[in-house]
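Atoms within each ligand, like the ligands themselves, are counted from 1 in listed order. Throughout, numbering of the chain's residues begins at 1 and tracks the sequence.
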Amino acid sequence: MNVDELMALARTVSGFMPDDEGAALTRHGLDVGARRPGGTWLEVGAWCGKSAVYLGAAAAATSSVLYSLDHHRGSEENQAGWEYFDPTLVDPHDGRLNTLPWWQRTIAAADLESTVIGVVGPSTVVAAHFNQSLDLLFIDGGHARDVAWADYRSWAPKVVTGGSLLIHDVFDDPADGGRPPYEIYQAARANGFDDVDAVGSLRVLRRVPTPGR
Ligand code: MG
């Protein structure tokens with residue numbers, strides 16, 4: 001499938017990514033891939049694979065690889081009784097949320113199994129044993145304060161100079177959404193990343209050279 005076909009498929013996948021923000025993921029992926037072909041990318045928060053196809057479309061076109069990391073048990077806001085609970089994602093075997101089978105079906109349908117590589121486990125544990133630097137990082141995991149900050153602190157230092165950091169669910173107005181993604185976005189701006197673009201709640205930044213390093 002070409003980039004346009006993959007973007008069309010991504011729009012049909014279950015998830016929390018408006019079409020214009022998804023298109024921005026592909027566009028900025030293509031931009032990074034053009035500047036740094038063959039790169040290593042990682043997304044934190046995979047759910048059913050929607051953003052993995054948007055980014056994967058760009059990765060495949062630029063010989064890059066996307067690690068798609070998730071524990072696949074859903075975030076706090078996805079559990080029973082919360083706002084984003086989906087009972088069809090519960091595994092009858094143990095009654096727990098499990099998005100991994102849906103993620104696998106999505107990546108297979110997109111024919112991206114050699115481009116988008118699933119990593120299943122806690123973000124901080126994986127990060128502690130992951131020494132590869134990143135050309136692109138997309139933070140779209142849990143929104144609880146400790147979770148969002150742990151994702152930022154674990155993974156943002158791995159982004160190379162000239163590499164891209166994308167953060168989802170950043171809302172300037174607290175009335176529109178939770179604070180932690182906004183807080184880590186501001187932390188990134190204060191710690192070596194410059195703004196590149198903003199589409200909806202998606203923020204795109206790039207790591208600038210550190211003076212004297
Ligand atoms: Mg999100």
Side-chain angles (χ1 to χ4, degrees), residues 7 9-29 41-59 66-79 82-86 89 97-100 102-103 106-107 110 116 118-120 122-124 126-127 134 136-156 159 164-189 193 195-205:
M7 290 172 73
L9 188 151
R11 286 194 287 274
T12 70
V13 177
S14 169
F16 311 98
M17 177 69 59
D19 293 352
D20 59 338
E21 298 176 21
L25 285 182
T26 306
R27 188 166 67 248
H28 286 286
W41 305 358
L42 185 138
E43 68 167 2
V44 183
W47 195 242
C48 298
K50 190 180 186 75
S51 57
V53 175
Y54 278 121
L55 285 172
L66 171 69
Y67 287 104
S68 178
L69 167 64
D70 204 309
H71 47 61
H72 285 285
R73 297 303 188 178
S75 303
E76 184 179 59
E77 57 270 23
N78 305 122
Q79 305 302 322
W82 288 71
E83 185 179 0
Y84 296 105
F85 177 62
D86 180 349
L89 300 176
L97 210 67
N98 184 9
T99 51
L100 180 56
W102 302 89
W103 181 94
T106 300
I107 303 309
V116 180
V119 181
V120 182
S123 167
T124 53
V126 176
L134 298 174
L136 180 151
L137 169 64
F138 178 41
I139 298 180
D140 190 22
H143 297 163
R145 177 160 281 111
D146 57 336
V147 174
W149 276 100
D151 287 340
Y152 171 74
R153 292 194 176 112
S154 296
W155 291 103
V159 177
S164 295
L165 168 63
L166 299 88
I167 305 175
H168 198 223
D169 304 305
V170 174
F171 297 102
D172 297 326
D173 183 347
D176 294 330
R179 289 290 81 192
Y182 178 81
E183 292 169 4
I184 64 171
Y185 161 65
Q186 293 297 352
R189 296 176 76 219
F193 290 91
D195 283 306
V196 172
D197 197 6
V199 178
S201 74
L202 179 69
R203 298 292 177 274
V204 182
L205 307 104

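- No more than 12 heavy atoms of other residues, nucleotides or ligands shown are found within 6.0 angstrom of OH on Tyr67.
- Under the ring pair (Phe, Tyr, Trp, His ring centres under 6.0 Å) criterion, Tyr185 pairs with no residue, sequence neighbours left out.
- For the Mg ion (ligand 1), protein N, O or S atoms closer than 2.8 Å were enumerated as Asp140 OD1, His168 ND1, Asp169 OD2, with waters left out.
- Remark: Asp197 engages Arg27, His28, Val199, Val204 in a side-chain contact (heavy atoms from CB on, under 4.5 Å) (not counting sequence neighbours).
- Partners of Ala144 according to the side-chain contact (heavy atoms from CB on, under 4.5 Å) rule, which considers only residues two or more places apart in sequence or in another chain, are Glu76, Asp146, Val147.
- Using a 4.0 Å cut-off between a side-chain N of Lys or Arg and a carboxylate O of Asp or Glu, Asp195 and Arg189 qualify as a salt bridge.
- Between Asp86 and Trp102 the shortest side-chain heavy-atom distance does not fall below 4.5 Å.
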